[in-house]
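Okay, so here's the structure we're looking at.
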Amino acid sequence: MSELPFHIYPLETGFHGPKRPVANPDLVAEYNYANFSPFKNSSGNTDEYIASAAKEIRRDIIRSLVEAKSGHSGGPLGIADVMAVLYFGGVMNYDATNPWLESRDRFVLSAGHMAPVLYATLANAGFMKKEELLTLRKLNSRLQGHPGRDMGLPGIETSTGSLGQGMGIAAGMALADKHVSKNGRRVYCITGDGELQEGEIWETAMFASHWKLDNFCVLVDRNHCQIDGRNPDVMEVDPVEDKWKAFGFHTIHINGHSISEIRNAYKEAATVKEKPTCIIAETYMGHPISFMNDDYRWHGKPPNKDQAVLALAELAN
Amino acid sequence: MSELPFHIYPLETGFHGPKRPVANPDLVAEYNYANFSPFKNSSGNTDEYIASAAKEIRRDIIRSLVEAKSGHSGGPLGIADVMAVLYFGGVMNYDATNPWLESRDRFVLSAGHMAPVLYATLANAGFMKKEELLTLRKLNSRLQGHPGRDMGLPGIETSTGSLGQGMGIAAGMALADKHVSKNGRRVYCITGDGELQEGEIWETAMFASHWKLDNFCVLVDRNHCQIDGRNPDVMEVDPVEDKWKAFGFHTIHINGHSISEIRNAYKEAATVKEKPTCIIAETYMGHPISFMNDDYRWHGKPPNKDQAVLALAELAN
Amino acid sequence: MTKFELLGKKATRFGFGEGLVTLGERYENVIVLGGDITGSVMTSYFQEKFPDRFFSTGIMEATATLVATGLALSGKVPFFASYGAFAACRNTDMLRISVCYNDANVKIGGGHAGISVGPDGATHQVLEEIAITRTLPNMTLIVPCDFAEAKKATIAMGEFIGPAYIRFGRTDTPMFTKDDTPFEIGKARVFREGNDVAICACGPMVWEALVAAEKLAEEGIQARVINVSTIKPLDNETILAAARECGAVVSAEEHQITAGLGGAIAELLVKNNPVPMEFVGVNDKFGGSGDPDELMALFGLTSVTIIESVKKVIARKN
Amino acid sequence: MTKFELLGKKATRFGFGEGLVTLGERYENVIVLGGDITGSVMTSYFQEKFPDRFFSTGIMEATATLVATGLALSGKVPFFASYGAFAACRNTDMLRISVCYNDANVKIGGGHAGISVGPDGATHQVLEEIAITRTLPNMTLIVPCDFAEAKKATIAMGEFIGPAYIRFGRTDTPMFTKDDTPFEIGKARVFREGNDVAICACGPMVWEALVAAEKLAEEGIQARVINVSTIKPLDNETILAAARECGAVVSAEEHQITAGLGGAIAELLVKNNPVPMEFVGVNDKFGGSGDPDELMALFGLTSVTIIESVKKVIARKN
Ligand SMILES: Cc1ncc(C[n+]2csc(CCOP(=O)(O)OP(=O)(O)O)c2C)c(N)n1
Ligand SMILES: Cc1ncc(C[n+]2csc(CCOP(=O)(O)OP(=O)(O)O)c2C)c(N)n1
Ligand SMILES: [Mg+2]
Ligand SMILES: [Mg+2]
């Protein structure tokens, strides 16, 4: 018996015309991107090291968004600490120099609109040149408004952008790893809390616990905000933890801006057997930028030039 | 400010050609349908009276299915006691002689494949001549395989058959009644337990509790069976009650074959404020027919002639 | 016939939003359901004026469609709006069985139509929902050409009884129809006379067609421009008359050419009067990020492509 | 060319089920997802032989499609099958964004196609999914004509890389192709020669077309019968050759005539060689309960209607 051939990564069917966008050279110089060397991924890294990575991720989110002139600020800034732990705290197993390595753990950003934080994290991990961040949302950029697998960007495992879908794809990957390939890979997924209103989230939760996917770890970005307002004003999602418990998940409720709590949560998740884990991370949208923090109106807005200057100043070491 | 005109009931667009099917006259005679007089709907009815109605509903399910030669036996037989209480225990407010009366409570069978029990109940309540039950699933019958509003059958509020949809429609009716018309109408809905695997059930649950639809009462036919087997062998749905609680419902867990427990549950539901209610009714698929009881293989099968004779014998007073 | 002039630019979604307000003022049983992008599909206008008749559903397009069905079956006239990618694709089964099979008086607004959405990229640029909605029995499908028509169409679909879907865009596009420009569900309008070729367009492509026609006139080609703002039911009479009198047709839509407006017209033509036809639209591809104008040019959704197609199809006239 | 004979009757769903088993025997990375109707869409065959590679999803067609996507992105070749009403409509957004935009190697089996489903009624009789799936970029759409072809098509779609959807039926329909009848994705086959008219059919309507052709031959009309078993990508060459040589086309499908196989052919014809065409299919209506033969006759999905349409279209030749 043989294996059917398949071609998965990288896929490069998405280019609409030959020209790729180029980053503004003045900004590349200003941000000193040329001399940047990637952060390391190790469980030995100190919380301070990871916090510094998170700060740099946030700076890059601001830089890419102000240049893009459209896109989502709030969610990406709020989840930066979690992303820093995933990629630089030794949680996820990957090799940025060999991005499609079979043995890599998988990461799926189910809330695809948070793409800027994923791109910034990948750049800071060395999956791409940092200057490419300045092509966000431009024609033919590998950095699409929502992650597009068709652009072949290393580290993008799947297209997302329609809420509620990424988690199901991630569960499918976890199923393949645990019950088919039995390869020990783990699958990490991040969803928004407004995203929990989509029924596919609960279908997938039921599916993942039925199949005992203990290699599957979902983190909910619990910022209590969505586009039209705070969750309870749009559609109440609480009690969030009870829901996940009732759907068979092991749950961990943490402060999503505490590097140590995030690290411990992912450590704990890795030890849970026969159950998938859901980490509910309390965050603030737009954190820690003073004029964005906990304000839903920053869900889908980029900073303008002045706001970017202020934000970057607040993020200076 | 005026009201936009609308035409809702009855809709009669579904007939494919003029001829309506006719019931087999021998059977009409054999079942003595001509002399039948409908059961009454009253909270004063005794449990025995309601039980006798349930038994007659079950007989009619068998009679219509054996004549149809296709259709679902298990679910309909299992939920007959609940249907009898709804229609003959004074729970639902309706007038079979004036079926589209504005003030009527609404009933939605979300698990549309259970249509035979709905038709049998409606006939026993006087919404149609009993002999029409013998036209089930035949060309141009008002008794479609799954409820079809386009056939204009009195008592059919909406088409159902795609699992997970009816409950959302019912919630929309409850929203109209509680928050728009403020008319005091109540909306009753029945779902299957396999149906709980569809995400729209949980979307609707979240929606109904967000809008505090205390005029909305869902009953889950908890027979632990679906087409391919028992729920846990196909897709685990437990802990069912925890799920509904976590989604903001008042829950009542009962024996779905105890007339008194069903009556009390619906009484309790009517008193709950600011929350929708979910009654989890433990039932047996195919109950009480000896060779069907609790056997998932009867989900979608009709009895053959011999089996029908046996079943009707078991259901004789 | 008076020539259409450019009156400025405004997205069709604003016409939808204003139309809802007019309906709300006129009729007490008009209800709006919001899907957490109310400020983007402009149901926010209705929400501000009629908070008691606006209900937030959160992000659950399938259930919002079902709730709308329940409202309709209770005598209300519910509108649910989201991006077309979710208002036509996330809830297709609901549209088919609960809305259309029920023949329920549900109105769906689908925004972010086409690649003119821009930087959000392919996921949000819906190019398939004309095909999806027009194949459903009992469905009425409207694609207004500009702001003013979007407003009229929204009011008309509310006053009309039956399932209906309206498609509108995110980006500001030319305004060229006026308050007195007639609109009627099921009626396609000739916006420019001509007998050499008929350009049947919908949405913002109608303006592109008018621009193309002007340029073609300079070369002595008189193009008839038809605004097919109702795609289902299609105005067979007007389109067949054009086919008969012009002998060639070009369709133009911000949608896959597979099974869209062009497909509807092709079905009509071969069944009644087979004349050569060319299709302007997206050629079986997904969109991508970029700014709207760049994308429209790159995907060939401009007067330039229409002109090329017109010349191609005229050359094919025996 | 050898004449096709009736070899008995068997539903195409059994061919799908057997094809899956063959794939399972050949390839260890073929996976099947069951949606609680496995005994009806015949994924039960695979389940019995390869329980370790069969995963039950319960009743959640949207998520099953997403899980299949995840499996595909992990190097598996997943098949998910349900009734077409749910395998193409309940998960349309998932097919569009997760499967097709991802270009994920996901295979969907859609059963209970058409009104030949019978007594279950309209909800289960899907007549719209050809339109829905063919408008999606990157999608391949196969509609086998009988049991043997369904088996070949299933194996072929497994061995081919890319998103694919196969449509099959519940009710026993004529078997007439043999193990050695060639099948190739993207290739339409001429099943009967003739130059007076071309009947382009898919699914069980191919047999009806062959029956119609025999009757027409008695009246001196030689109809070419083409089995269009791949609707996307369409075999333009074979169909255009038929249009050129026959000068008239009739489409026959157990689907809405709006945007279905007929629509795909109409789009091809007007763009290349506009010839008269007639459509045999369901005319923008929902189905209903009844037994399959009654329904097929009532909805005009028989050789009788094909014969009428052939005469109509021949009369329309220049
Ligand atoms: C299926 C679907 N519906 C609607 C949208 C539009 N949308 C994008 S983000 C968003 C809000 C999501 O809220 P949440 O998950 O809490 O993310 P946050 O606002 O916190 O970043 C919505 C409605 C979408 N992308 N997909
Ligand atoms: C959306 C959808 N998917 C699949 C089906 C096919 N189907 C009909 S009934 C059924 C099983 C439902 O199980 P449950 O709700 O427990 O009903 P029961 O078997 O107990 O009668 C399925 C899968 C359907 N009708 N709708
Ligand atoms: Mg949020
Ligand atoms: Mg059950």
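Just the heavy atoms: all of them, side chains too, but no hydrogens, waters or symmetry mates, feed the values below. The shown structure was predicted, so the numbers you read here are calculated from the model rather than taken from an experiment. Numbered from 1 within each chain, the chains take letters A, B, ... in sequence-line order.
A donor-acceptor contact closer than 3.5 angstrom is absent between the side chains of D:T63 and A:E200.
Heavy-atom distances place no part of D:R96 under 4.5 Å from chain A, backbone and side chain included. Interface remark: D:A72 contributes backbone atoms only to the contact with chain A (heavy atom separation under 4.5 Å).
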Next item on the list: Start with the C-alpha distance between D:M60 and A:F207, add both sets of side-chain angles, then the distance that settles side-chain contact (heavy atoms from CB on, under 4.5 Å), and finish with yes or no.
Entry: CA-CA 9 Å; D:M60 45 175 82; A:F207 177 88; 4.0 Å; yes

Item checked: CA sep, side-chain torsions, deciding dist, call: D:I31, A:L175, side-chain contact (heavy atoms from CB on, under 4.5 Å) -> CA-CA 11 Å; D:I31 306 288; A:L175 182 76; 5.8 Å; no

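For the set D:G75, D:A62, D:A64, D:S98, the entry with the most heavy-atom pairs within less than 4.5 Å of chain A is D:G75. Between chain D and the options A:A176, A:G199, A:A170, the largest number of non-hydrogen pairs under 4.5 Å is found for A:A176. For chain A, the option among D:N105, D:L71, D:L73, D:T69 with the highest count of heavy-atom pairs below 4.5 Å is D:L73.
Nearest heavy-atom pair, D:N29 versus A:S2, reported as atom, atom and distance to 0.1 Å: OD1-O, 4.4 Å. Minimum interatomic distance between D:L66 and A:G164 (heavy atoms only, all atoms of both residues): CD1-O, 3.8 Å. In plain terms, the two heavy atoms of A:S162 and D:I97 that are nearest each other are CB-CD1, 3.4 Å. A:R149 and D:A104 make their closest contact through NH2-N, 4.4 Å (heavy atoms, listed as atom of the first residue, atom of the second, distance).
By a heavy-atom distance cut of under 4.5 Å, A:R106 are the residues of residues 106-117 of chain A near chain D, going up by number. When the heavy atoms of residues 150-159 of chain A are compared with those of chain D, the residues falling under 4.5 Å are A:D150, A:E157, A:T158, A:S159, listed by number.
In this structure, the separation between CE on D:M94 and CD on A:Q165 is 4.0 Å, given to the nearest 0.5 Å. Atom CG of A:L4 is separated from atom CD1 of D:I161 by 8.0 Å, given to the nearest 0.5 angstrom.
Listed by first and then second residue, the ring pair (Phe, Tyr, Trp, His ring centres under 6.0 Å) pairs involving residues 159-192 of chain A are A:H179-A:W211, A:Y188-A:Y266 (not counting sequence neighbours). Judged as a salt bridge (charged side-chain N to carboxylate O under 4.0 Å, His left out), the pairs with a partner in residues 173-183 of chain A (not counting sequence neighbours) are, in order, A:D177-A:R185, A:K178-A:D214.
Sparse packing is recorded around NZ of A:K212, with 12 or fewer heavy atoms of other residues, nucleotides or ligands lying under 6.0 Å away.
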